[in-house]
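Beneath this line is the structure, given in structure tokens, with notes to follow.
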Number of protein chains: 2
Amino acid sequence: MMREFKRKLRILLVDDNAEHLRGVKELISLEAGYDVVGTTTSANIAINLIKKYRPDIVLMDINMPEKDGLQAIQEIEKLELDTKVIALSGYDDADLIFRAMKLGAKGYVLKTMASAQLIYAIDEIAAGKIYLPSALSSRFFEYFQRSFKNESDTAAQENLLSYLTSREEEVLDLLTQGNNYKGIAAKLFISETTVKTHVNNIFQKLQVNDRTQAVLYALNNGFAGRRRVKAAV
Amino acid sequence: MMREFKRKLRILLVDDNAEHLRGVKELISLEAGYDVVGTTTSANIAINLIKKYRPDIVLMDINMPEKDGLQAIQEIEKLELDTKVIALSGYDDADLIFRAMKLGAKGYVLKTMASAQLIYAIDEIAAGKIYLPSALSSRFFEYFQRSFKNESDTAAQENLLSYLTSREEEVLDLLTQGNNYKGIAAKLFISETTVKTHVNNIFQKLQVNDRTQAVLYALNNGFAGRRRVKAAV
DNA sequence: AATTTTATCAATCCAAAGATTTAGGACATT
DNA sequence: AATGTCCTAAATCTTTGGATTGATAAAATT
């Protein structure tokens, strides 16, 4: 298969198995339009090579003993380059796939994959897409849905948050941002005692004893989808 | 396209657009091996129909005004039946796709999709797989990776949690479970004043003013990966 | 028209939380 | 031997938080 021509795709291969490394290199070199700019058996060296040569694609074996390939992916992503990493693995383990994709891998291919399919994956990913063979994609989604199952189970049980009035929701929202009574009063332009009343009502409805528990309940029960808090002054 | 024969696949169609509903029904009825057991324009009615007829597949339009199709998916999943829901939408919006899959949809297809492809999707999903057309799959993964980008960025920036001693981590951990001083003291077998000392040190290190902010900081910065709190007594 | 819910506020009162200082003993490091 | 960190603890003091009661007015419901 041949890409529409522009310039050669620059590829870096990382695999601790030197045997397999040679095989893949040869395989890719047979195709026109691909340039293997380097091969290495070490993830650490790979990082340096990437910084130097800025390849378009990195084929990264993630089952390496020395340094974890997943960790390497994470480090590469932190560099914020245009380099796209394809995870290469002998195993179609759902957790591995999930973690690799989570860390920013643009694809995940098995070592047993046919060469034509590998080339196809490289092309797709080089073109900016994300590529997962359908079998692996299925595994990924099963894992993905399992990992969200618990969350929605929580939502399944009665959600006390639904008893809050809209004003109480506003107050709780400010609580989940780390505000105290004074802060909430100022932000809502109401008196501190009114805030106290609301907060007390919130406690009753959520069946908790204090603001921390209220905030935890809110976050754990999908209140306004977890937000980030800047460490307050 | 024809499934290998076993029994007819029982399908329920849900779409607030009666026009489109008829179209899809006809389309599916033309194929052998598929039995449209019901059609409805209301998500609420759909839930009841599912309880009654236990279809194999539900094609659920998720762009309905009255009741949200996504919410319907969630409710169907809560029933824990064998019924598989396929999200049907006019939009290939990444957020919609993500939310549908998160809620347990086994597939997501566009209304503009060719009929052969729809049948294929139904077959795949009926067979227990998950089906996302590759274009939508790409969108999903881009969204997925974006949503994890911030998390790793957070990890990249200085994490004040790293300054905590192991004892302080224990104390913070108990704080994130909604404990007060007394509770923490009892659980760690130390005096309440000692707990206060630890907590104060934690505040200093995390640069926060009170326990709620400390807890929020902890949760937002990957402290012991968010845990669930049962509403305390 | 009558009732309930919601939002507002005040005044207490007590308990809890938070700030600060001081200090002893264990342990590791220099 | 001296220094530093960590865990422990007490004492004191101020502030904040939380519970309770009662009250007014607008708004929504019945």
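Bear in mind that the values here come from a model prediction, so they are computed numbers and not experimental data. All values below come from the heavy atoms of this structure, side chains included, with hydrogens, waters and symmetry mates left out. Here is the naming used below: chain letters follow the sequence lines, and residue numbers restart at 1 for every chain.
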Exercise. Any chance you could list the contact pattern along nucleotides 3-12 of chain C? Use B for base contacts, S for sugar-phosphate-only contacts and - for none, protein heavy atoms under 4.0 Å, 5' to 3'.
Key: ---SSBBB--
Practice problem: Answer with yes or no whether the side chains of B:N200 and B:Q204 bring together a donor and an acceptor at under 3.5 Å. | Solution: no
Quiz item: Rounded to the Å, how far apart are A:R211 CZ and C:dA17 P?
Solution: 11 Å
Practice problem: Identify, with sequence neighbours excluded, every residue that meets salt bridge (charged side-chain N to carboxylate O under 4.0 Å, His left out) alongside A:D92. | Solution: A:R139
Practice problem: State which residues pass salt bridge (charged side-chain N to carboxylate O under 4.0 Å, His left out) with A:K205; sequence neighbours excluded, sorted by chain then number. | Solution: A:E168
Self-check item: Set of residues satisfying ring pair (Phe, Tyr, Trp, His ring centres under 6.0 Å) with respect to A:Y143, sequence neighbours excluded
Solution: A:F98
Quiz item: Under 4.0 Å between a side-chain N or O of B:Y181 and OP1 or OP2 of C:dG18?
Solution: yes
Quiz item: Can you name the side chain to side chain donor-acceptor pair (under 3.5 Å) partners of B:S191, sequence neighbours left out?
Solution: B:T193, B:T194
Practice problem: Report the distance from atom CG of B:L175 to atom P of C:dA16, rounded to the nearest whole Å. | Solution: 16 Å
Self-check item: Those residues that, when tested against B:K51, pass side chain to side chain donor-acceptor pair (under 3.5 Å) (two or more places apart)
Solution: none
Practice problem: On DNA chain D, reading 5' to 3', which nucleotide is the first and which the last to sit with an atom under 4.0 Å from a heavy atom of chain B, could you check? | Solution: D:dC6 to D:dA10
Practice problem: List in chain and number order the residues that pass salt bridge (charged side-chain N to carboxylate O under 4.0 Å, His left out) with A:D95, two or more places apart in sequence or in another chain; answer none if no residue qualifies. | Solution: A:R99
Practice problem: Could you tell me which residues satisfy side chain to side chain contact (heavy atoms under 4.5 Å, CB included) with B:E170, sequence neighbours excluded, listed by chain and number? | Solution: B:R167, B:L188
Quiz item: Reckon A:N180 touches a base, only the sugar-phosphate, or nothing at all at heavy-atom distances under 4.0 Å?
Solution: sugar-phosphate
Quiz item: Sequence neighbours excluded, which residues qualify as salt bridge (charged side-chain N to carboxylate O under 4.0 Å, His left out) partners of A:D56?
Solution: A:R7
Exercise. Taking side chain to side chain donor-acceptor pair (under 3.5 Å) as the test, write out the residues that go with B:K111, two or more places apart.
Key: B:D15, B:D61
I'd like a list of close polar pairs between nucleotides 25-30 of chain C and the protein, N/O only, cut-off under 3.5 Å.
none

Quiz item: What closest approach, in Å, do B:V215 and B:L175 show between heavy atoms, and which atom pair accounts for it?
Solution: CG2-O, 3.6 Å
Quiz item: In whole angstrom, what separates B:K182's NZ from C:dA17's P?
Solution: 9 Å
